[in-house]
Structures are given as C-alpha cells and as structure tokens.
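Okay, so here's the structure we're looking at.
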Amino acid sequence: MPNTKWLFNRLKAMSFPEITWRLSQSYLQKKEKRIFKPEPISVTAKVFNKSLKNLLPHEELFFINLRNSDFSFITSLSLLGGYDYELNKKNWHCGFQTNNQWPKTFSYALDYKQRDDIGDARTNWELNRHLQFALLAKNYAASGKKVYLDEFEALFNDWNKENPFLWGISWTSVMEFALRLSNWCYTYCFLKGAGGARSELLEELRIGIINMTDYVARHYSRYSSANNHLIVEAFAIAQSGVLFKHKPWVDLGISLLTNELPLQNYTDGINKELSLHYQSFYMEAMGLTLRLLQKNQYPVPGTWIPMLEKMCQYMSDCRGTFGEIIEFGDNDEGKILDLTGRDWNHYEYVLGLFSFLLPAGYIKNITEVNENLAWLFNLSDFNKVKTKPLYKPQANVCYREGGVSILRSRDKRVLIGIDHGELGFGSIAAHGHADALSFQIFVKGKPLFVDPGTYIYHTDLKSRNEYRKTKNHNTVCIDGHDQSEMLGAFLWGKRAESRLLMFRDTKEDVFLVTEHNGYYPEIHRRTFTFNNMDELLIEDEFKTEAIKELNFILAPGVEIETDNKANAIKIRLKKLEAKLSFNCFEKIEFFIGKTMVSQKYGKQSQAPKITVRTSGKVITTKIKL
C-alpha cells in the first residue's frame, strides 16, 4: 500500500472531478474483482462483453506489406536493461533486479511501485508487452518456416496459462494492456496474411484483442494521469476499431487523441512532458494511428497535421549532424512496435514514419532507417517519400513556449541544448527533472557535457531521485537544495518556474537570457552567449551571497586537469579538448568528483563531475571547445 504522506500529496494533485472519477473506477474494479478473482480465466477463453462477441478482424485494413523483401530473422529480443531474452522468454513474473518473482495475485491488490524486494515493474512490463509475438509472426510471414510459428504458439500458450486475466504484474497498468493488444493486432495480421496458422489460434488472438480493447475503453487514463499513457491507450482503441471495423472504438480513440493534442503539446511542437523520448513515444502512437486513417481513407482531424509537422521539426532540430541527440527529462526507451529485435534509434524511426505521412521528409536515407517501415509501407510509398522536400534543421533555434534552445556551430561540429522550460506536464510533472537552465554540449557527435539520464523507475528510489536532482545536472544548486520539490518517484510539489527573457541570433553570436525562481526569494538568472563556432560564455547572476554550486556533469571517459591559479580546468575526451575558465569577485573553490550517469535504461556508469563553489553574486564561465 502507498505510504500516507505520498497518498496525501497525490490527492492534493487531484481535482474534485478526478476524485469522483477515481471513485467510479474503484466501483467498476470491485465488480470486476467479483467476476474474475474467484475463478481465474484466460483473456482468450471467451469474449467477456457479449455485445462484442461477433466482431471479426479485417487484417487487410492494416495494409501490411507482405511482399517486403528487406527483413531479418532475429528471434532473441534486446530486453530492457540488457537482460538475456533466451533465459527469460517465459519468465513472465521475473523481478529481474532480484532473484524474486512478482506474486501471482489479483492485479488490483498488487503494489508494484518501489518494490526493492522484487524489482522494477517497468523492466518486467517490457517482456509482457509482447513485442516478440509480432516479431515471430513477421518472421513466419517472411519465411514461411513453421519453426517461427511454433515458437510463437508455445510462448502464446504459456503466457495465457501463466497470466489469467487481471492476475499478476502484467495486468497492473492500463497502458500495458494497450501495448500488448497492439502487438497482438499485428501478430494476427501477419499470421492471417501468411496463412497456415491454426484457426483456433487465430480465434484466441481475436478474443484476446477484443477483451483487452474493451477493458482499455472502460479504464483509459484521465485527469492528472492523462499523459502519454492516455495517448497510447487511445491509439490502441482506435487501432482495434479499424481492425474490427468497429466505429465506436475508432470514434473514441480519435476523439481522445484529437482532444489531447493541444492539451499535451505546446503550440511550437514540444510535448509538455519536456522529455524528448516521451515526445517520440507519443509521436509513434500518433503516427501508427495516422497511417491507418490515411490507408483506409478515414477523415483525419484538421488539427493533426499542423501539430505533427511542428513536433517533427522540433525533433529534427534536436538531432545533430553526427547522429547525436539533445535529450532532457526521463527516457525509459519505450516503443510500440519492433519488428527487428535489435537496438535501434527510436527518433530516426519516428521521423522516418512521419516522412511517409506528412508533406515533408525528415530522414535523408529513408531505406536505411528501420525494418518496421518496410512492413508498414510498400515500394510505391518509398518512391513517393524520395520526392518530398527534406526538412533541414535550423542552425540556431529557440522554442520559446516549449522552453528549449538548440545551437549549432557554423561547421556543424558543435551542438548545444539549453533547457529553459517548465518542469513537466500537468499537476504531477511525472517525467520532469529539476534541471532548469541546464545545458548539454556535443562536439563532433561526442558528448562532453551531459544530462545524467534516467536509470530506473520502480525500485531503488534513492537512485531514482539522484538522477532527477539539481546537483546532478549542468546548472546551479544553492545551499544543496533542489530547484523543485520531489514528493514521489513520479510526483512533484513546489516547482521552479523558468522564463526566457531574451533570445538574439546574429551572424556574430547567439545570446540568451533566462531565469528561474526555484530558490525564491533568490532568483537565478543565466545568460548564454555562443560565438557560433567554438566558445560558450555562461554568466550566472544572483541577488544574495548564498553558497552556490555550479555543476558540470561530464561524459564517462572524460579526463580532467585543473589549474587553480588560473581558475581554469581542461577536459579531454580522446582527441577532443575543451577548457573551462571562471571569473568571480569572490573566492572560487574547485571540487573534482564522480557521479553516476545512465546512458541506457537500467544501466549506469561512473562519470566525472566538476563542482565550482562560491558565494559570489556573479560568476562567469567560459567554455572553449
């Protein structure tokens, strides 16, 4: 059970209508508990809602390119956190971070948050999203080899046996229902299109998709929980509606997506989660939905295309010439469809997906992006994409409303990202970090000054918090406090408010003035001046003489050499070098230490950290690259 303090803070983040809705959901869950707890039953046993029992799938409406000749036959997935798929492919209740298992109890009574005794629920959910089901079905459709069909059927039967409806960890999140049923939809379409699968197997898939979609349509996220989860849930409802030609599901899914589009995104194209990964995840759901609407000639809401174009432009602007990417906020590496089984670049895939769907292209070498695209689009689609104008990222761009600025040197060698946006989306700002006015720098595609990353969600709360703390970002920490108040792993209280005061872009330089009030009555004002080539000047201004710590988080492998007399530090990463020099009227102290960074979810490594401590009111940092 959640602790009393967390529950109180969570209730404070809710409106009265939300509390009323949650009570109605609790009543619905009690009814479901009376039905499904006494006698566990597979989700594929029968259609639970009798009014839906006659729905029939129309696999041709998914327009899968079964003539695709560009495919792989990998069957061993790259599991989240680097765990071995072959050892765990039937380990549906695995705790992963421990040797313990998630209990096979009724899901409404299963507390999965911060379970150090078992493990991280997010890691387990990845296996239970059934990306591997669609992958194996694709392998069968591509090769005609029964070994892939047999492998899928063995996993499918085992999962249904071990995971009765609403029992266990795989049924604890509505979004997990949505991701699973989406992969079941693609699995069905591949198997039916290829032929040769048992009719009983296809019938079980049909029943399972109907039951899960009906559940999501009754329980989708709302109010303060209505973030990217709702988008994925709405996508899954609409997708099933198309597959079954069931208009109520299509209408509900499209209505939710349309209503949320202006609520969850700034008008300049930045998602309000303030996390590039969650923007990409959101966009994949929108893109897969848009594809089905376009292919089946459904009307596309008028607000979709203009907003999605802006979202693609922002994501493109965050990408560097060498493939590097500016990312702030959480990243749990979530994806909806994976027909490759390999690690791949989600941002390139999503931009490739939208290159087929929008007037412009966003990826130059579209045929080399991702195998998913070769199954979703045919040769004619690929030829058409190649004729579209290609969006070119802007040299220097300020997203004033979303709160991110991206700077590039004239030779494209240097890429800088600056965060001057809000903490995150809605009353809980679930995926935000206390990183106001922080920055990142890449040189020749190599990271020098980095964001620490995410590491893990539902276990090791101390580490979860460390990766969100102000002191572990490239910004200023005052008196050891965070800019914003953490109340839980996905819950914030008092938060810093950021403002952009000025942005000026000339041939000579780029000039930004930003500030935040996270330490009110102290105000932190930070000015960035970039000479468009190789020098970034940062000026931090304060009103009081409180102790400030300027933190610089460096990439793993960076070497540091200090020069205390000159108030300077040299850093080196292989052949790349940079020099930091500092100027302040008051005394400056240098501290060279270590911190942890996470470049992949579930994994962490040690990295150097520079801390500059002073009581001065104005501190100037020059970074020569």
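The first residue in the sequence is number 1, and the count goes up from there.
For an aromatic pair to be called close, the ring centres must be under 6.0 Å apart, and Tyr399 with Tyr314 satisfies this. Between Phe425 and Tyr278, the ring centre distance reaches or exceeds 6.0 Å. Close placement of the Tyr112 and His458 rings is indicated, their centers lying within 6.0 Å of each other.
A salt bridge does not link Asp268 with Lys310: every distance from a Lys NZ or Arg NE/NH1/NH2 to an Asp or Glu carboxylate oxygen is 4.0 Å or more. One finds a salt bridge joining Arg319 and Glu348 here, because a Lys/Arg side-chain nitrogen approaches an Asp/Glu carboxylate oxygen to under 4.0 Å. The pair Lys462-Glu466 does not meet the salt-bridge criterion, since no charged nitrogen lies less than 4.0 angstrom from a carboxylate oxygen. A salt bridge is absent between Arg468 and Asp330: the closest approach of a Lys/Arg side-chain nitrogen to an acidic carboxylate oxygen does not fall below 4.0 angstrom. With salt bridges taken as basic N to acidic carboxylate O contacts below 4.0 Å, none links Glu284 and Lys335. Of the charged side-chain nitrogens involved, none lies within less than 4.0 Å of a carboxylate oxygen, so that Asp411 and Lys444 do not count as a salt-bridged pair. Glu549 and Arg613 are joined by a salt bridge, as a carboxylate oxygen and a charged side-chain nitrogen come within less than 4.0 angstrom of each other.
Panel note: side chain Thr454, backbone Asn331; a donor-acceptor pair is recorded below 3.5 Å.
Residues Leu261 and Met286 have side chains in contact (heavy-atom distance under 4.5 Å, counting atoms from C-beta outward).
When all heavy atoms of Thr544 and Lys617 are compared, the closest pair comes out as O-CG, 3.6 Å. Of all heavy-atom pairs between Ser409 and Met533, the closest is CB-O, 3.3 Å. Taking every heavy atom of both residues into account, Val612 and Phe552 meet most closely at CG2-CE1, 4.1 Å.
One finds the OG atom of Ser225 at 10.0 Å from the CG atom of Leu230 (value rounded to the nearest 0.5 Å). Expressed to the nearest 0.5 Å, how far CD of Glu333 lies from CG of Asp343 amounts to 7.5 Å.
By the 30° and 60° cut-offs, the orientation of the rings of Tyr457 relative to Phe490 is perpendicular.
Crowding of Tyr520 atom OH: a count of heavy atoms from other residues, nucleotides or ligands under 6.0 Å not exceeding 12.
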